[in-house]
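A short write-up of the structure that comes next.
Below, chain A is the first sequence line, B the second, and so on; all start at residue 1. Computation of the quantities below employed the complete heavy-atom set of this structure, encompassing side-chain atoms and omitting hydrogens, waters and symmetry-equivalent molecules.
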Amino acid sequence: MSFDFAAVINATPYLLQGLLFSVELTLVAMIGGMVLGTLMAITRHMGVPVAAEAVRVYVTLMRSIPLILVLFWFFFLVPLLLGHLTPAGRSIPLGPKFTAFITFTLFESAYYAEIVRAGLKAIDKGQYEGAKALGLSNTTMYWSVVVPQVLRVTAPIIVSQTIILFQDTALVYVLSLTDFFGAAAKIAQRDSKLVEFYSTVAVVYLLICSMGSELSERFRKKQGYRSPRGRFERTRRMFGLARP
Amino acid sequence: MDDAFSTRNEILRIEGLEQSYGALPVLRGIDLHVNKGERIVICGPSGSGKSTLIRCINGLETFKSGTIRVKDVCSGEHLRLLKDIRREVGMVFQGFNLFPHLSVLENCMLAPIKVRGVKKAEARERALGFLQKVRVLDQAHKHPGQLSGGQQQRVAIARALCMQPSIMLFDEPTSALDPEVVQEVLATMVGLAKEGMTMLCVTHEMGFAREVADRVILIDGGRIVEEAAPAQFFDTPQHERTRAFLGRVLRGQAEVA
């Protein structure tokens, strides 16, 4: 049984194009998802009437449905719905790329929202009180005091979620979009070299994802600051084992 | 409610303050006024409502009924105008509540810039000045986590002072500190008092109260039991509860010393 990895080498430009799209999609969904997710988490944490409830429903929904289903739903059903809204009544097609970017962002935002919300609750209540006592507005409090701390504390989990997101981008296959996996699959099928291509793809995913994990671990270790009561106290409080 | 003469001099007036946690009454009608430059010490057994009382002043706790007036800003139960009140009221917490991701200097600069619209350079000057006053200037570029408890609390005091409040509230500022550093923080507070800062202080440090307070107030069961100048309060307490409290506290402090 011989493997012809030369075919893989030859296909590198095409594979790289696919990889570029995967990375692009990941970045857009991560940044968009984090921005949206953070806003949603803050809305819920502040208990804004109506909006907080709407966020809760949205997050629960998005986290209960498989991504592949959300992709299909967005791709096939939303154009129909939009069509009903227009006077002509014809379905408005959304390009697969647009669908992918929007859907992934919306989907991931629900997950990021939960991560950030847990972070907001984990931050010492005294931080909120100290900020309020100084007269800081809610905006300043969240922007300058709370969220920077939340991001530092939740960074490893956010990186985890982003790594999962990166792997999930392979699902655009069902929209006939060519990401890294899709590019490899196409050529593998054309050239009948499934083993070579799929194992290469697996190795590349492995390398990228473990680099991400490693970076996050290094970042965590670099965090020098201590809260006045120390990390152990904070963790105990997070799990409800110590007085807040 | 206000007579023009007292308004000019009066920084804080609390009338009929009531608060409950669910069915449990915590404050049962507190009346209190503080004039400019006065130093008030509030003491009492735990659970008496003293922390709740001062946290109501700057809106960290809501209250059921009564009014709180800080300078000329009046706030009823609905806590309107909270921002205006918080600008005038500085607070120092038992747990310091410094922002760990900012340097000491940045901690002190944040509020003046964002709340009072002070320019960055001026905020910096002001912060450095107050940090020097509380004698942690050499720590200005460190982060709170690198400081000792006593230093952190002094930074917290400087941070509150940077907002140039009309009144400073202290919520058991030394209760979380190691005994060795309690004195350095108290000394800072005494220095503040001597400069004429209006202070409302919840504390168990009776020595501090005796040295600095204009009035000492005992709160028990959500009510003001006794309110008197330190000499009278400590030497000739009028109420049984005051005597009992003082007996316990001073005995306790004598044992520790």
Roughly how far apart are [X] [atom1] and [Y] [atom2], rounded to 0.5 Å?
| X | Y | atom1 | atom2 | value |
| --- | --- | --- | --- | --- |
| A:E129 | B:D171 | CD | CG | 9.0 Å |
| B:M163 | A:L134 | CE | CG | 6.5 Å |
| A:D124 | B:F99 | CG | CZ | 11.5 Å |

Query raised in the report: For B:R55, is it the side chain, the backbone, both or neither that has a heavy atom under 4.5 Å from a heavy atom of chain A?
Result: side chain
Report summary line: Applying a strict 4.5 Å limit to non-hydrogen atoms, the region of B:V89 in contact with chain A is backbone
Nearest atoms (heavy-atom pairs only) where [X] meets [Y]:
| X | Y | value |
| --- | --- | --- |
| B:P100 | A:Q149 | CG-OE1, 3.4 Å |
| A:K132 | B:R86 | O-CD, 2.9 Å |
| A:G130 | B:F93 | CA-CE1, 3.8 Å |

Query raised in the report: Looking at B:K114, B:M91, B:E106, which makes the most heavy-atom pairs under 4.5 Å with chain A?
Result: B:K114
Requested in this report: Give the intermediate values and the outcome of side-chain contact (heavy atoms from CB on, under 4.5 Å) for residues B:L102 and A:V145.
Outcome: CA-CA 9 Å; B:L102 299 176; A:V145 176; 5.6 Å; no
Report task. Could you list the residues that satisfy side chain to side chain donor-acceptor pair (under 3.5 Å) with A:S137, not counting sequence neighbours? Result -> A:T140
Query raised in the report: Distance-only, no hydrogens or angles: does the B:N97 side chain make a donor-acceptor pair with backbone N or O of A:G126 under 3.5 Å?
Result: yes
Query - Side-chain donor or acceptor of B:H101 paired with backbone N/O of A:R152 under 3.5 Å - result: no
Requested in this report: Using a cut-off of 6.0 Å, state whether more than 12 heavy atoms not belonging to B:R135 lie near its atom CZ.
Outcome: no
